[in-house]
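Structure first, commentary second.
Both backbone and side-chain heavy atoms feed into the values below; hydrogens, waters and symmetry mates do not. Order of the sequence lines sets the chain letters (A, B, ...), proteins ahead of strands, with each chain counted from 1.
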There are 2 protein chains.
Amino acid sequence: MKTKESKIPEATIKRLSTYINCLERLQAENNPVTSSEMLGESCQVSPAQIRKDLSYFGEFGVRGVGYDTKKLEGEIKEILGLNHNWPTTVVGVGKLGQALLNFAFFSKHGFRIIAAFDSDENKIGNEIAHGVTILPTTEIEKTVKNEKITIGIITTPADSAQEVADKLVAGGIKGLLNFAPIKVKVPEIITLRNVSITSELDNLAYLLTQKKR
Amino acid sequence: MKTKESKIPEATIKRLSTYINCLERLQAENNPVTSSEMLGESCQVSPAQIRKDLSYFGEFGVRGVGYDTKKLEGEIKEILGLNHNWPTTVVGVGKLGQALLNFAFFSKHGFRIIAAFDSDENKIGNEIAHGVTILPTTEIEKTVKNEKITIGIITTPADSAQEVADKLVAGGIKGLLNFAPIKVKVPEIITLRNVSITSELDNLAYLLTQKKR
DNA sequence: GCAACAATGTGATAACTCTCACAGGATCGT
DNA sequence: ACGATCCTGTGAGAGTTATCACATTGTTGC
Ligand SMILES: NC(=O)c1ccc[n+]([C@@H]2O[C@H](COP(=O)([O-])OP(=O)(O)OC[C@H]3O[C@@H](n4cnc5c(N)ncnc54)[C@H](O)[C@@H]3O)[C@@H](O)[C@H]2O)c1
Ligand SMILES: NC(=O)c1ccc[n+]([C@@H]2O[C@H](COP(=O)([O-])OP(=O)(O)OC[C@H]3O[C@@H](n4cnc5c(N)ncnc54)[C@H](O)[C@@H]3O)[C@@H](O)[C@H]2O)c1
């Protein structure tokens, strides 16, 4: 896979992720081959945008024909690094944490849930999917280190997020996905993404307010 | 196609939403006044970006001083339309739907959960927060119409999302937030946002893969 | 009252992202 | 074998968003 060293738009990465979904659907609908137009129709992105996005990483189609859906899905997963096996942990097994843990998506995209942590004594010891039990937060550093966990998902309340992040970092975590509504601070080497589900709702409210005018 | 009048970056709206969080935190930490620098530090946005974002909507600060945290929070909520009272419904009360329903954020941002729907007979009739019981999906159109519900949140599996969206639209919904990993199609007048939580994880995997090189 | 200071608001500019149009390569029918 | 047709890949340009620099304006101390 050749990666041209020009900078790749973040929006492109986000779209690549959605292309995977659409390609799966197209396969399920018996399309061994698709065009940028068909794929664009399926995921509501312009055909030109799709071709440009892919062109950052190489040539995956056949001119005059289109893309092999299965192969392209594999290529995109390779680009995104989803063919690795990412040892992952979730800290804060509340409502949102449980929703995430339950989600079949994980295994399909190469994320393997190795451990889960919570500070609630009543939850500790409970078994969640795949023979993983909830551990106390005192075990975070040790477990992350021993199991070589690379990705940490934070779904604790906001006022615990920084403390949890620190523990994960101490254990040697590589990447963090933070769902708590606070920007946690971590060393430069850590890859951090703050996810704000709620801003989507706010955004919707804004758009609706605009339309009224 | 429309909204030619407003050339406000989508990214700006997203940031405004995070500013609210940060302003709340600053208030909790006894800062009646803040500067764009302090706020920027708090939510990891450059001071210039914050000032530019706000400048699209007016002048909210005092030169040489800064911003009144409480007042600015109110102004941003006004801009985003969060001071309205948005009658809202959730369709698909599974893991994710429950996580959302439980979330205190709603009332604070002006979203009022009026109804919830599910196709699972075992769930119908169950009471969720605030005296709202889960209704069968056959009631969607009628309820949306009668209760004047304006915002619909879709948290069903992907293969039900379009059908659910159609019912909500038939009832006269104004805005839709779709969490299912499929792009639903709705008439132009409906404001639609597709939310992809999973793409954040994919994105993290990508960033980690890049760093290895 | 005024100078020194602090932090906003904004035009100019740089950086980034998307769109368009078409050249280039592949396939098919005759 | 070759022209017609199809769809990709991409450079150039348009459009959008972020950054910078500073003029502006309110505050404080003397
Ligand atoms: N629920 C949603 O839809 C939603 C949406 C967006 C963001 N969020 C954010 O996600 C986070 C979790 O939300 P939730 O609804 O699941 O809340 P929740 O209260 O259901 O779950 C929080 C969990 O974290 C655990 N916890 C608390 N302190 C901890 C600590 N120091 N270490 C480890 N675990 C700890 C609690 O025991 C609990 O199990 C919150 O920050 C919330 O703002 C939630
Ligand atoms: N759980 C997550 O963390 C997560 C993250 C991102 C996206 N999603 C997406 O959100 C959706 C829900 O995820 P989940 O984990 O809550 O799944 P879930 O299976 O726990 O919940 C789905 C719910 O929808 C109901 N349902 C099914 N068909 C319906 C219909 N036609 N009308 C009304 N209700 C119907 C089911 O009875 C169930 O209660 C899925 O599309 C999933 O891909 C989930």
Inset, instruction - Please report, rounded to the nearest Å, how far the C1' atom of D/dC7 is from the CG atom of A/L54. - result: 13 Å
Inset, instruction - Can you tell me the distance, in whole Å, between the NZ atom of B/K71 and the C1' atom of C/dT8? - result: 14 Å
Legend entry - B/Y67 side chain near C/dA6 phosphate (N/O to OP1/OP2, under 4.0 Å): no
Legend entry - Beyond-backbone contact of B/N21 with A/I182, side-chain heavy atoms, under 4.5 angstrom: no
Inset, instruction - To the nearest Å, give me how far apart OH (B/Y56) and P (D/dA18) are. - result: 7 Å
Legend entry - Closest nucleotide among C/dC18, D/dT19, C/dT8 to the A/Q49 side chain: C/dC18
Inset, instruction - Taking only the side-chain heavy atoms of B/E59 (C-beta and beyond), determine which of C/dG9, C/dT17, D/dT27 contains the nearest atom. - result: C/dG9
Inset, instruction - Check the surroundings of atom CD in A/E37: do more than 12 heavy atoms from other residues, nucleotides or ligands lie under 6.0 Å from it? - result: no
Inset, instruction - Find which nucleotide of DNA chain C each of A/G64 and A/P9 is nearest to by heavy atoms, and output the residue with the more 5' nucleotide. - result: A/P9
Legend entry - Distance in angstrom units between B/K14 NZ and D/dT17 P, rounded: 14 Å
Inset, instruction - Grab the CG-C1' distance between B/D68 and C/dA7 for me, whole Å please. - result: 15 Å
Legend entry - Base of D/dT24 paired with side chain of B/R63 (donor-acceptor, under 3.5 Å): yes
Inset, instruction - Please check the phosphate of C/dT8 (OP1 and OP2 only) for any side-chain N or O of B/S36 closer than 4.0 Å. - result: yes
Legend entry - Nearest-nucleotide 5' precedence on DNA chain C, B/E37 against B/K52: B/E37
Inset, instruction - Compare side-chain N and O positions of A/S46 against OP1 and OP2 of C/dT19 and report whether any pair is under 4.0 Å apart. - result: yes
Legend entry - Heavy-atom side-chain proximity of B/L82 to A/Y206 below 4.5 angstrom: no
Inset, instruction - Check whether any side-chain N or O of A/R51 sits under 4.0 Å from OP1 or OP2 of C/dT19, and answer yes or no. - result: no
Legend entry - Least distance between heavy atoms, A/P87 atom then A/E147 atom: CB-O, 4.3 Å
Inset, instruction - Give a yes or no answer on whether the side chain of B/Q162 reaches the backbone of B/V184 with a donor-acceptor pair at less than 3.5 Å. - result: no
